[in-house]
Asks: 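Sending over a structure as structure tokens; questions will come in a sec.
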Number of protein chains: 4
Amino acid sequence: MAQPQTIVNGMDDTPRGKLLSAAARLFRDQGFDRTTVRDIAREVGIQSGSLFHHFPSKEDILFAVMVEVIRFNTERLRMALAGKTDPVERLCGLIDAELRTIVGDTREAMSVLVYEWRCLTAEHQQQVLALRDVYEQLWMDVLEELRSSGQLQADAFITRRLITGMTSWSSNWFDAHGSLTIEQLTEIIRDRIIGESR
Amino acid sequence: MAQPQTIVNGMDDTPRGKLLSAAARLFRDQGFDRTTVRDIAREVGIQSGSLFHHFPSKEDILFAVMVEVIRFNTERLRMALAGKTDPVERLCGLIDAELRTIVGDTREAMSVLVYEWRCLTAEHQQQVLALRDVYEQLWMDVLEELRSSGQLQADAFITRRLITGMTSWSSNWFDAHGSLTIEQLTEIIRDRIIGESR
Amino acid sequence: MAQPQTIVNGMDDTPRGKLLSAAARLFRDQGFDRTTVRDIAREVGIQSGSLFHHFPSKEDILFAVMVEVIRFNTERLRMALAGKTDPVERLCGLIDAELRTIVGDTREAMSVLVYEWRCLTAEHQQQVLALRDVYEQLWMDVLEELRSSGQLQADAFITRRLITGMTSWSSNWFDAHGSLTIEQLTEIIRDRIIGESR
Amino acid sequence: MAQPQTIVNGMDDTPRGKLLSAAARLFRDQGFDRTTVRDIAREVGIQSGSLFHHFPSKEDILFAVMVEVIRFNTERLRMALAGKTDPVERLCGLIDAELRTIVGDTREAMSVLVYEWRCLTAEHQQQVLALRDVYEQLWMDVLEELRSSGQLQADAFITRRLITGMTSWSSNWFDAHGSLTIEQLTEIIRDRIIGESR
DNA sequence: AATGAATGAGCGTTCATTCAT
DNA sequence: GATGAATGAACGCTCATTCAT
């Protein structure tokens, strides 16, 4: 089975890709507003003016980071579902994938997605939301499967939102080098959703 | 039983209080960095220079917002526990109180607490963390009670973090004027923690 | 013979006098521009707004300091000449008095007179210059006496300017607690003017 | 023999050099604190923000002015001594050079050095003092030569300070277009130091 | 006389963006 | 594509001065 690349598509070894990676990390560490284009340029090894040959504005860099990370993570979600038919197994695939998204290789970019949302222009927010809908639909499909199979009684929308809270907040405390593994956390969250005995 | 005031202590009708309320809302809507001292001053109806008779710097306004909201919500947590002895009832009191904190009267300030954390100086971060510890200890005490009474098997720390995720994320979707009430959401979250049948 | 008071007339124990003393010291230590009215007020133990019951503006405080110090030091010059008839003795009296002005009790205010000159309004500069003319005339009279008696060959104006340079610069190096006394320095300067053998 | 350039090294025709020249004049005319970066920028014909491509802060401009003028004038002192062996001739060379420093081409910058000293940061003060030590050592060497040859009896340090006073004060009265020439003033000051008959 | 909150113009500095080279 | 000097608007903050109390 295909593995997600360890680098976000579009955050590859090209100048543009290195720029986005650096920007994602800086935005995450310092916030969008506190990150100057000079910071980004220095990280990539060019002059600040040269950034604008790659992106028309600083906000477009933020937008590109968000687009790349959503696309990449949507693909990761798809791969996590591929070949699985059991709804619970599919749910675990999604939780595991989303946790990796949040605490793993794309954690900087994901954090940016949450924390720097309002720094996007309204138009770009719309475009990101459209991409996010695709991502969320994959979740909703699986949650509806679970309801159809009787393994989930609660409302699917509310359930998704509680899951989102649990996974997204993990960026604030989960330690990739601690004793709790992503697999274990996946099971713990699964049990909060469909119950332990079921 | 005493009810929490509907206005955060220190965000009252005094000039300082109105200033903090306005700042909290602006910080929440636009972010700390994108909010200018002139924005805040305009909202309060004074000149920007006059802000500095009340606070030595813009960052101190942010700090004051955070301190006030934590103090107020810690007190709200205490009142939610007052008079309750059953651990599950106490848990529901905490969830309900925290939800009101996040989607109710102090939602702007709470949002600021999460999203503008890094805008605080290191020293102020320490001071806020000390206040936060008091708040969190109230939670940990109740979760340990639940474990003692056998109503919670999962690790208390992890449990608290999952609850934090669920409650804090509600700021992004809960509609105070929607059909779902805080009481209902409290029950839903409670069931994710101690199970529905128990 | 009357002794000059150890406090400048007008910088006495009254509120106005204490204010001027404090201002003179602050202006000397920090410069006029870097001294805030709050600095002055704090030193005197009042609120900054209250300063303006004593002086119409900050610049007027500077002006008052300068006027007081010139008046006081002109009087000191007069007293140094009183009762002396020998031109050389009179010269030494002036040198000694001017040195005391510059390195002694009025050193702060004298320093202000030199360094903060351009902070005065043009009109106030004229008024101070008029007072300074009185002071300088006392010097010129004695220097002309020395020329009449053949003890000074050099031009009186140029001589006065060289003396002014030597005495005024002493504020930058003379140590009141060092081994060189004002009396000794007076003799050294006298010898630069009228020659040692004469 | 090499002549000192009529423009301070580093205050040449480059943007940086023109900026320093303009700043030196403005600082001298208005004082450092009363000179705004907008004043300097206007003088040079750029926007105020553009200043900060050349210097990290306004204070660094002041520092640069001082460093350039001391370096230049130290070199001028060296050239004044070059080829001269007679101590009196060397003394006259120094006096003449210092007078040209103070009333001639570098008078603005020299004035700034004296009057705006306290506007420097403590660290920059140290660095300027180190440069000043080199300058002063050239003076002290010649004064010691005069003592060795018996042409100066007075203490060398005190003598230097009296000379400093006389030369530096000349900025307040010497008129380059008046009837008194620098050469004449040099002789007058020389006579105050080593006596006319000697 | 004194207070102290408020003013408002102005400060030094930042920084995304432009553009001639 | 890259440079780096320049722009210019905006920022947080200062402070002499005012004035109702």
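Chain identifiers are assigned alphabetically (A, B, ...) following the order of the sequence lines, protein sequences preceding nucleic acid strands; residue numbering begins at 1 within each chain.
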Asks: In this structure, how many angstroms lie between the C1' atom of dA16(F) and the CZ atom of Arg34(C), rounded?
Replies: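 In whole Å, dA16(F) C1' and Arg34(C) CZ are 17 Å from each other.
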
Asks: Without decimals, in angstroms, what is the distance between His54(D) NE2 and dG4(F) P?
Replies: 14 Å

Asks: Indicate yes or no for a side-chain donor-acceptor contact from Lys58(D) to the backbone of Phe32(D) under 3.5 Å, with no hydrogens or angles considered.
Replies: yes

Asks: Quick check: on DNA chain F, is the nucleotide nearest Ile46(D) upstream (toward 5') of the one nearest Pro56(C), or the reverse? Name the residue that is more 5'.
Replies: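 That would be Ile46(D).
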
Asks: Relative to the ring of His124(C), is the ring of Phe63(C) parallel (under 30°), tilted (30 to 60°) or perpendicular (over 60°)?
Replies: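 Rings of Phe63(C) and His124(C): parallel, as their planes differ by under 30°.
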
Asks: Less than 4.0 angstrom from a charged side-chain N to a carboxylate O is my criterion; do Arg16(D) and Glu68(D) meet it?
Replies: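 A salt bridge is present here (some side-chain N lies under 4.0 Å from a carboxylate O).
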
Asks: Rounded to whole angstrom units, what separation is found between the CD atom of Glu59(B) and the P atom of dC11(F)?
Replies: 19 Å

Asks: For Glu59(C) and Thr121(C), indicate whether the former's side chain and the latter's backbone hold a donor-acceptor pair under 3.5 Å.
Replies: yes

Asks: Roughly how many Å is it from NZ in Lys58(A) to P in dA10(F), rounded to a whole number?
Replies: 16 Å

Asks: Given 3.5 Å as the limit, does a donor-acceptor pair link the side chain of Ser21(C) with the main chain of Gly17(C), or not?
Replies: yes

Asks: Whether the side chain of Arg38(B) and the base of dG12(F) hold a donor-acceptor pair under 3.5 Å is what I'd like checked.
Replies: yes

Asks: Quickly work out the Phe52(B) CZ to dT17(F) P distance and round it to whole Å.
Replies: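 Interatomic distance, CZ of Phe52(B) to P of dT17(F): 21 Å.
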
Asks: Could you say whether Gly45(C) or Ser48(D) is positioned toward the 5' end of DNA chain E, judged by the nucleotide with the nearest heavy atom to each?
Replies: Gly45(C)

Asks: Expressed as a whole number of angstroms, how long is the span from Gln30(B):CD to dA10(F):P?
Replies: 15 Å

Asks: Establish, with yes or no, whether the OP1 or OP2 oxygen of dT7(E) is under 4.0 angstrom from a side-chain nitrogen or oxygen of His53(B).
Replies: no

Asks: Which is it for Val65(D) and Leu113(D) under the side chain to side chain contact (heavy atoms under 4.5 Å, CB included) test, yes or no, and what are the steps along the way?
Replies: CA-CA 8 Å; Val65(D) 166; Leu113(D) 190 52; over 6 Å; no

Asks: What dot-bracket string describes DNA chain F from 5' to 3', counting Watson-Crick and G-U wobble pairs whose defining distances are under 3.5 Å, with [ ] for crossing pairs and | for pairs to another strand?
Replies: .||||||||||||||||||||

Asks: Counting just side-chain N and O atoms, does Gln47(B) come under 4.0 Å of either OP1 or OP2 of dA6(E)?
Replies: no

Asks: Tell me the interatomic distance from Leu51(D), atom CG, to dT14(E), atom P, rounded to whole angstroms.
Replies: 12 Å

Asks: For Phe32(B) and for Val37(C), find the nucleotide of DNA chain F with the closest heavy atom, then tell me which residue's nucleotide is more 5'.
Replies: Phe32(B)

Asks: To the nearest Å, how far apart are Phe55(B) CZ and dT14(F) P?
Replies: 15 Å

Asks: Using 4.0 Å as the upper bound for N to carboxylate O, is an ion pair formed by Glu116(D) and Arg118(C)?
Replies: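 Yes, this pair counts.
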
Asks: Determine the contact category for Ser57(D): base if any of its heavy atoms lies under 4.0 Å from a base atom, sugar-phosphate if only primed atoms, P, OP1 or OP2 are that close, otherwise nothing.
Replies: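 The answer is sugar-phosphate, as Ser57(D) gets under 4.0 Å only of primed atoms, P, OP1 or OP2.
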
Asks: Please confirm whether the shortest side-chain N or O distance from Ser50(C) to OP1 or OP2 of dT3(E) is below 4.0 Å.
Replies: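 Answer yes for this pair, as a side-chain N or O of Ser50(C) is under 4.0 Å from OP1 or OP2.
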
